[in-house]
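Below: one structure, written as structure tokens.
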Amino acid sequence: MSETKLPRPGQATLAGWLIVLGSLLTVVTAWDQISGLRSLDTRERVEEVLAEPPLAGSGIGLDNVLDLMHVMALVTGAMAAAAVILGWHVLQRNKQARLALTVIAAPLFFAGMFGGGFWSTLSAVAVVLLWMSPTRDWFDGVSPAKREALDSGDPDQESYVAPAPPETPTAPTGSTSGPARLSQQQPPPWTGAIAQPAKAAPKRRPGAVTAAAVLTWIGSGLTALMMLASAVTATANPDLILEQVRKQAESDPRMREVAGLYTTDIIVASVWITAVLVALVCVAAAVFAAFAIRRHSWARVALMISAGVSALSLLLFALAFPPAVVIFGAAVATFSFLLRPEVAAWFRNR
């Protein structure tokens, strides 16, 4: 670990605490799953899954699935416990801890599907932030000022030094006196070209701006496609959604009065309205990213606002749909990229 004292960037703090808290909650979730693994409710849910395609008729028994879930929960809990300790050391700028977290990130992600759910996925995605700037520069001992100089193409930051004028020969002592001697001691007028310091080359676009735009385009495209696909699915099979609403009403007395108001037409219309609104927001974010690439300051602010709102919305949505945590990570990374000092300087010095 480098001994250079550098302030810890906000992205590193965010990633470290996401790893610590997410892994800690993963341990709790895995332990809760193990304690209730042999309960009647769990056995009924597993039997329902085994009775439906593609597992129907596969020959996989209930005990086999429960044993697999038990092993995966133990593995997930063990890796999450290690990630809690490693995440704390990452906050202390330990490169070995970052490398170890990178090794266990993928196994934690896949094993967490059986024993950790959303929180294990969140911890695994947060590891990616440790390898992005400015966190990567912090681990490498590169200060923000030096990174800005490197991105501007002038790493040495050397100032121009004008050449010294030629020395004037001194007249011999006693050869002249008075005003004549004073005139001979004055340097002759400079007849050459006057040196001018070269103007600094305009800074090229930081890579963080390009990364933020690409992540926005990918995340917006995926979100719009998922919402439109859900609208098409609801149109083709509205009875499935209506059945889910009725099941929820049976388990939650507060939903019984509201469930009676739902019809297939209302469900389809609601899903399409939501999908269109979300798609319009995604298109707006993609347009903001395009203008940000063209170095418009207002587009950077608008893109930061959209990324922040999207991250908060996706965090809530990911509780019910864990794969959405990937898009949540993209939104957080986009917001973090646009906060970098060199990005702000690039937009400011347009």
Side-chain angles (χ1 to χ4, degrees), residues 1 8-37 68-139 211 215 218-219 222-223 307-308 310-337 339:
M1 183 175 66
R8 184 172 61 210
Q11 180 178 309
T13 303
L14 174 64
W17 282 112
L18 283 178
I19 294 170
V20 171
L21 297 179
S23 300
L24 185 61
L25 291 172
T26 300
V27 173
V28 176
T29 304
W31 178 260
D32 181 69
Q33 181 178 353
I34 293 174
S35 62
L37 194 59
L68 176 62
M69 293 176 63
H70 185 258
V71 172
M72 297 304 294
L74 287 174
V75 173
T76 303
M79 289 190 297
V84 172
I85 301 173
L86 293 172
W88 175 259
H89 286 285
V90 158
L91 292 172
Q92 315 305 319
R93 198 177 162 205
N94 190 306
K95 289 186 176 181
Q96 288 75 20
R98 181 179 62 161
L99 181 59
L101 280 171
T102 305
V103 172
I104 69 173
L108 180 62
F109 174 78
F110 290 107
M113 295 181 179
F114 295 88
F118 167 75
W119 300 113
S120 61
T121 306
L122 180 64
S123 301
V125 172
V127 175
V128 180
L129 297 177
L130 299 177
W131 294 94
M132 296 181 177
S133 295
T135 303
R136 183 183 68 246
D137 296 335
W138 179 63
F139 274 101
L215 287 175
I218 295 176
L222 290 176
T223 303
S310 299
L312 293 176
S313 303
L314 288 167
L315 181 59
L316 299 176
F317 182 65
L319 295 174
F321 187 63
V325 74
V326 177
I327 306 178
F328 164 76
V332 172
T334 299
F335 189 86
S336 177
F337 285 151
L339 277 179

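For the numbers below, each heavy atom of this structure counts, side chains included, while hydrogens, waters and symmetry mates do not.
Of all heavy-atom pairs between L215 and A333, the closest is CD1-CB, 3.8 Å. Listed here is the closest heavy atom pair of A80 and V27: CB-CG2, 3.6 Å. Minimum heavy-atom separation, S123 to L18: OG-O, 3.9 Å. In terms of heavy atoms, T26 sits closest to S120 at OG1-N, 3.1 Å. The minimum heavy-atom distance linking G308 with F335 is given by the pair N-CD1, 4.1 Å.
Taking the side-chain contact (heavy atoms from CB on, under 4.5 Å) definition, one finds that A15 meets it with L129, L130, sequence neighbours left out. Partners of L24 by side-chain contact (heavy atoms from CB on, under 4.5 Å), not counting sequence neighbours, listed by chain and number: V84. Every side-chain contact (heavy atoms from CB on, under 4.5 Å) that A97 has, sequence neighbours left out, goes to L86, H89, V90, N94. For A12, the side-chain contact (heavy atoms from CB on, under 4.5 Å) partners at least two apart in sequence or on another chain are R8, P9, T135, W138. Take W17 and apply the side-chain hydrogen bond (donor to acceptor under 3.5 Å, both in side chains) test, not counting sequence neighbours, and it matches no residue. Under the side-chain hydrogen bond (donor to acceptor under 3.5 Å, both in side chains) criterion, S336 pairs with Q11, not counting sequence neighbours.
A 4.5 Å side-chain heavy-atom check between W119 and V28 finds every atom pair outside the cut-off. Residues F337 and T334 are not in side-chain contact: their nearest non-hydrogen atoms beyond the backbone lie 4.5 Å or more apart.
Taking CE from M72 and NE2 from H70, the interatomic distance works out to 13.0 Å, rounded to the nearest 0.5 Å. Note that CG of L74 is 9.0 Å distant from CH2 of W31, once rounded to the nearest 0.5 Å.
When atom types are taken as modelled, the side chain of S23 and the backbone of V20 share no donor-acceptor pair closer than 3.5 angstrom.
Considering L101, L91, L14 in turn, L101 is the only one that fulfils the side chain to side chain contact (heavy atoms under 4.5 Å, CB included) rule with I19.
Stacking of R93 on the aromatic ring of F139 is not recorded, the 6.0 Å distance cut-off and the 45° axial limit not both being met.
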